[in-house]
Amino acid sequence: MSDLRFDNKVVVITGAGRGLGKAYALFYGSVGAKVLVNDNGCDLDGKNTNPKFADEVVATIKSKGGIAVANYDSVLNGDKIIAHAIKEFGRLDVLINNAGILRDKILAKLTEEDWDIVIKTHLYGTYSVTKAAWPIMRDQGYGRIVNTSSGSGLYGTLGQTNYAAAKAGIVGLTLTLAKEGERRNILCNVLVPVGASRMTETIMPPDVMSGIDPNNLTPILAVLTHESNKEYNGGIYECSGGFFSRVRWQRSEGVSLDLPVKISEVQKNWAKINDFNGKNEYPTGNADLFNKVQENLERLEQQ
Ligand code: NAD
């Protein structure tokens, strides 16, 4: 298969001045896209701002013959970011919501401000930029969106209640958008990356850092956000160091009990409720649970 190109496609990437977003921007800039490099240049904890990071990425893209423009707005002002892309390039095809910060503390030490700024930057920021992009993508009947979650959002990580909650929220947001966007050819997926950046440099040893070069994350972005992807929507993809996989929910076979349910019946069936070695299912929507309820009610009616 030949490498994918993005000629004349307009790509907006948030937090693209450093880290993973920078790798994404340089990639899209190298395959024909017109790239809006958004980054407010803040410190890891969200304090201060600096335009130089976005500027440097734009300069690098341009020096290699690519097309890019810098944007320094916070992702809290998604309408400004999208308006800038439209003013500059006249359209919008791909949105990568990537900007993020950290305020890691155990819950006992977390302040309201630590909670708010992390939830706002990741979850509200993803919402805000997407909300501004959505009507444009809907009206043109085309859009490819990738939102960034984290292992913390899927599994929880000590000291990251704020970050994990935001990243889990991004999963729910994206899975819902995947359902809302399907009819309009707007495909939305979740990336769960691990890559070398200032976020990981304090927790990963140097040999691991060299193995998780963020440039190795760009191929899956290319596949998911290219116009040739007409099918893959609502996926959660874990990617790092050359490993790629898709994550999904799994439901144990469970039990359907007589009504009214007795505590003793739940206790008696506790092992089965928790057992993932039976006839597991992979639910993808609320209807899956309602079907189970319906089946149980029908069973009881026939008794
Ligand atoms: P990074 O700190 O290197 O880069 C994030 C960029 O976002 C920074 O340049 C920062 O200035 C920018 N930014 C922060 N707040 C912003 C705002 N309000 N508006 C605009 N720009 C803003 O971090 P990274 O490691 O490259 O992380 C990128 C994304 O990937 C984040 O969402 C992060 O949570 C997620 N992630 C990273 C890893 C990893 O291994 N690095 C793992 C899981 C998830």
Side-chain angles (χ1 to χ4, degrees), residues 12-27 36-58 70-82 84 95-104 116-129 132 146-157 160 162-171 173-174 190-205 208-218 220-221 236-241 243 247:
V12 170
I13 306 163
T14 69
R18 279 174 287 197
L20 313 190
K22 176 180 176 180
Y24 305 162
L26 296 179
F27 162 72
L36 184 111
V37 177
N38 159 267
D39 203 302
N40 72 357
C42 64
D43 299 339
L44 187 56
D45 62 3
K47 290 180 183 150
N48 304 312
T49 54
N50 192 335
K52 82 168 183 178
F53 302 102
D55 283 342
E56 283 168 5
V57 172
V58 168
N71 171 278
Y72 320 118
D73 288 305
S74 167
V75 287
L76 305 190
N77 301 311
D79 48 350
K80 287 192 185 163
I81 296 171
I82 297 303
H84 191 176
L95 169 61
I96 312 289
N97 283 301
N98 163 79
I101 59 164
L102 289 176
R103 291 275 182 104
D104 291 358
D116 282 345
I117 194 170
V118 169
I119 297 284
K120 269 208 168 138
T121 304
H122 289 274
L123 184 54
Y124 180 84
T126 298
Y127 154 78
S128 175
V129 186
V146 172
N147 293 332
T148 310
S149 185
S150 156
S152 291
L154 300 183
Y155 314 116
T157 300
Q160 291 195 322
N162 48 0
Y163 181 74
K167 290 306 203 186
I170 287 172
V171 173
L173 171 81
T174 312
V190 179
L191 195 69
V192 181
V194 180
S197 78
R198 64 178 176 170
M199 273 196 190
T200 40
E201 69 190 356
T202 51
I203 50 170
M204 304 260 188
V208 175
M209 288 289 273
S210 62
I212 54 169
D213 182 341
N215 289 313
N216 292 315
L217 299 169
T218 59
I220 191 165
L221 285 183
I236 303 168
Y237 295 94
E238 279 187 320
C239 329
S240 186
F243 174 75
V247 177

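For ligands, and for the atoms within them, numbers begin at 1 and follow the listed sequence.
- The protein non-hydrogen atom at the shortest distance from atom 7 (O) of ligand 1 is Gly15 CA, 3.3 Å.
- Considering Asn48, Ile117, Ile101 in turn, Ile101 is the only one that fulfils the side chain to side chain contact (heavy atoms under 4.5 Å, CB included) rule with Cys42.
- In the vicinity of His122, heavy-atom distances shorter than 4.0 Å reach the ligand 1 atoms 32 (O), 34 (O).
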Trace of the ring pair (Phe, Tyr, Trp, His ring centres under 6.0 Å) decision for Tyr124 with Tyr127: CA-CA 5 Å; Tyr124 180 84; Tyr127 154 78; 5.4 Å; yes

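- Remark: ligand 1 and Met199 share no N or O pair separated by less than 3.5 Å (distance only, no angle test).
- When only non-hydrogen protein atoms are considered, atom 42 (C) of ligand 1 lies nearest to Pro193 O, 2.9 Å.
- In terms of protein heavy-atom proximity, atom 9 (O) of ligand 1 is closest to Asp39 OD2, 2.6 Å.
- Using a 4.0 Å cutoff on heavy atoms, Asn97 does not count as a contact of ligand 1.
- Remark: the Asp55 side chain and the Tyr72 side chain contain an N/O donor-acceptor pair separated by less than 3.5 Å.
- Under 4.0 Å from ligand 1, not a single heavy atom of Leu76 appears.
- The ligand atoms of ligand 1 that sit less than 4.0 angstrom from a heavy atom of Asp73 are 19 (N), 20 (C).
- Atoms of ligand 1 found under 4.0 Å from any heavy atom of Thr148, numbered from 1 in the order shown, are 29 (C), 30 (O), 32 (O), 35 (C).
- Within the 4.0 Å heavy-atom shell around ligand 1 one finds Gly41.
- Residue contacts with ligand 1, taken as heavy atom pairs separated by less than 4.0 Å, involve Asn98 via backbone and side-chain atoms alike.
- Residue-level proximity to ligand 1 for Ser240 is absent, since no heavy atom of it falls below 4.0 angstrom.
- At the shortest separation from atom 22 (C) of ligand 1 among protein heavy atoms lies Asn40 OD1, 3.3 Å.
- Residue-ligand proximity: Gly195 is placed with a non-hydrogen atom under 4.0 Å from ligand 1.
- For Ser149, the closest heavy-atom approach to ligand 1 falls below 4.0 Å.
- Numbered from 1 in the order shown, with element, the atoms of ligand 1 that lie under 4.0 Å from a heavy atom of Ile101 read 14 (C), 15 (N).
- Nearest to atom 5 (C) of ligand 1 among the protein's heavy atoms is Gly100 O, 3.8 Å.
- Of all the heavy atoms of Thr200, the ones lying under 4.0 Å from any atom of ligand 1 belong exclusively to the side chain.
- Shown in contact with Asn38 at under 4.0 Å from a heavy atom are these atoms of ligand 1, numbered in order with element: 20 (C), 21 (N).
- Looking from atom 37 (C) of ligand 1 to the surrounding protein, the closest heavy atom is Leu20 CD1, 3.8 Å.
- Side-chain contact check for Asn38 versus His84: every heavy-atom pair is 4.5 Å or farther apart.
- Considering only non-hydrogen atoms, atom 15 (N) of ligand 1 lies nearest to Cys42 out of Cys42, Gly151, Cys239, Ala166.
- Here's the thing with Thr121: none of its N/O atoms is less than 3.5 angstrom from an N/O atom of ligand 1.
- Here the protein heavy atom with the shortest distance to atom 18 (N) of ligand 1 is Ser74 OG, 3.1 Å.
- For ligand 1, the atoms closer than 4.0 angstrom to any heavy atom of Gly19 are 3 (O), 26 (O).
- No N or O atom of Ser150 sits closer than 3.5 Å to an N or O atom of ligand 1.
- The closest approach between Lys167 and ligand 1 falls below 4.0 Å for a heavy atom of the residue.
- In this structure, Val194 is part of the shell of residues with a heavy atom less than 4.0 angstrom from ligand 1.
- The closest protein non-hydrogen atom to atom 34 (O) of ligand 1 is Tyr163 OH, 2.5 Å.
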